Amino acid sequence: MAFSMSRRCLRLSLRAGERLPANLCWRIEQGHVWLARWSAGVDPLTLGVWGPGEVVIPALIGLSGLELRTLSPVVVEEEEASSVMEREFLEEQLRQAAILLMLSRVRPAEARLLQLLDWFGTRFGTMTSQGVMLTFGEKLLTHQQLADIAGMTRVTVTKALTSFRQAGVISCQAGGSLLLRVPCSEFLD
């Protein structure tokens, strides 16, 4: 008589700002995660952002210094990566890397932030009659999170968001959502 033990998958619930092991394959059930390469004395290099239903396999990128951080409260489950999942992840990673590279070249910084918010709206937002509603869990991303993802300073992000609010380009909504009133998606097509 032979016994077979099935592999038990790890399931985690984490708060915003916590790290996930970057050597495992994760299916995101709830929340959003951010993959970046960190090295001493250099700002983080954003490699991608994923949300509910998506699979993240950082080890396939093949770089050292990768960190997978939660942008919001998340629930993730470890997956056994199939070759199809690996291919789909790499294709999505390539798309995101190209968009993030284009965004990194946008000047001035305020325009880069607005296009980053628009990309988030395209990926994770909900279209309404007033614009795109964007939510990352129960609250918006912090100014520091946006700065790290966009390759900007927190002060620049704060000034830009204030300017966007005053101009009516964005507005904060009840329940921690952000309403984007001006789409700029044509840049990302």
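All of these numbers come straight from a predicted model, not from anything done at the bench.
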First locate atom [atom1] of [X], then atom [atom2] of [Y], and finally report the distance between them rounded to the nearest 0.5 Å.
{"X": "Ile28", "Y": "Glu77", "atom1": "CD1", "atom2": "CD", "result": "12.5 Å"}
{"X": "Asp148", "Y": "Gln144", "atom1": "CG", "atom2": "CD", "result": "4.5 Å"}
{"X": "Ile170", "Y": "Asp118", "atom1": "CD1", "atom2": "CG", "result": "12.5 Å"}
{"X": "Ile61", "Y": "Leu35", "atom1": "CD1", "atom2": "CG", "result": "4.5 Å"}
{"X": "Ile99", "Y": "Leu103", "atom1": "CD1", "atom2": "CG", "result": "7.5 Å"}

Trp26: ring pair (Phe, Tyr, Trp, His ring centres under 6.0 Å) partners, not counting sequence neighbours: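 Per chain and number, Trp26 pairs via ring pair (Phe, Tyr, Trp, His ring centres under 6.0 Å) with no residue.
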
Side chain to side chain, [X] and [Y], heavy atoms closer than 4.5 Å:
{"X": "Leu100", "Y": "Trp119", "answer": "yes"}
{"X": "Gln145", "Y": "Phe136", "answer": "no"}
{"X": "Ser82", "Y": "Arg87", "answer": "no"}
{"X": "Arg11", "Y": "Cys9", "answer": "no"}

Whether Trp34 and Trp38 hold their rings parallel, tilted or perpendicular, with breakpoints at 30° and 60°: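 It falls in the perpendicular class, over 60°.
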
Arg95 atom CZ, over 12 foreign heavy atoms within 6.0 Å: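 For Arg95, atom CZ is crowded (more than 12 foreign heavy atoms under 6.0 Å).
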
Gln166: side-chain contact (heavy atoms from CB on, under 4.5 Å) partners, not counting sequence neighbours: Thr162

Listed partners of Thr158 passing side chain to side chain donor-acceptor pair (under 3.5 Å), at least two apart: His143, Arg154

